[in-house]
Every structure is written in C-alpha cells, then in structure tokens.
Amino acid sequence: MVILVAALLLLGVVLGAVVQIPLPLTFALAAAIGCWLLIFAVREWRGAQRGPR
C-alpha cells in the first residue's frame, strides 16, 4: 500500500512538472524516455535469448 501511495505521489510530481514546460519540450522528453525504454527492452530481450551463463 505504501508503494502505491509513493507511486501516485511521484506521478503527481511528474505531471505537475509537465504542465509547467512547453508542449514541444514535453514531446521531446517523452520521445527520449521512450527510446531509452526501447533500448533497455532490446538489451534485456537479447540477454534472455542467450540464456543463463
């Protein structure tokens, strides 16, 4: 339950920050985060394909 509350508080802080910055910058930051997550997912997938060492 504490983790859920912390996650909601963090979401509120992030959304509050997004409201203060211009829309094009918001999209640029969202694209950067999306690329970072995509790279992370590909690295994890490739690591899982190799199997345990």
Side-chain angles (χ1 to χ4, degrees):
M1 188 66 174
V2 173
I3 295 172
L4 179 62
V5 171
L8 288 173
L9 284 172
L10 184 61
L11 179 64
V13 169
V14 169
L15 288 178
V18 167
V19 169
Q20 301 298 323
I21 60 176
L23 195 59
L25 183 58
T26 301
F27 288 140
L29 291 174
I33 292 170
C35 288
W36 175 50
L37 289 174
L38 182 63
I39 290 168
F40 176 76
V42 168
R43 289 182 64 186
E44 288 293 315
W45 178 75
R46 289 180 69 195
Q49 294 295 321
R50 290 187 190 136
R53 291 184 175 189

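- Residues satisfying the side chain to side chain contact (heavy atoms under 4.5 Å, CB included) test with Pro22, not counting sequence neighbours, are Pro24, Leu25.
- For the atom pair CD1 (Ile3) and CG (Leu8), the distance works out to 12.0 Å, reported to the nearest 0.5 Å.
- Considering only residues two or more places apart in sequence or on other chains, Arg43 meets the side chain to side chain contact (heavy atoms under 4.5 Å, CB included) condition with Ile39.
- Other residues sharing the hydrophobic cluster of Phe27, ordered by chain and number and joined by side-chain separations under 4.5 Å: Leu23.
- At a threshold of 4.5 Å between non-hydrogen side-chain atoms, the residues Val13 and Leu9 do not count as touching.
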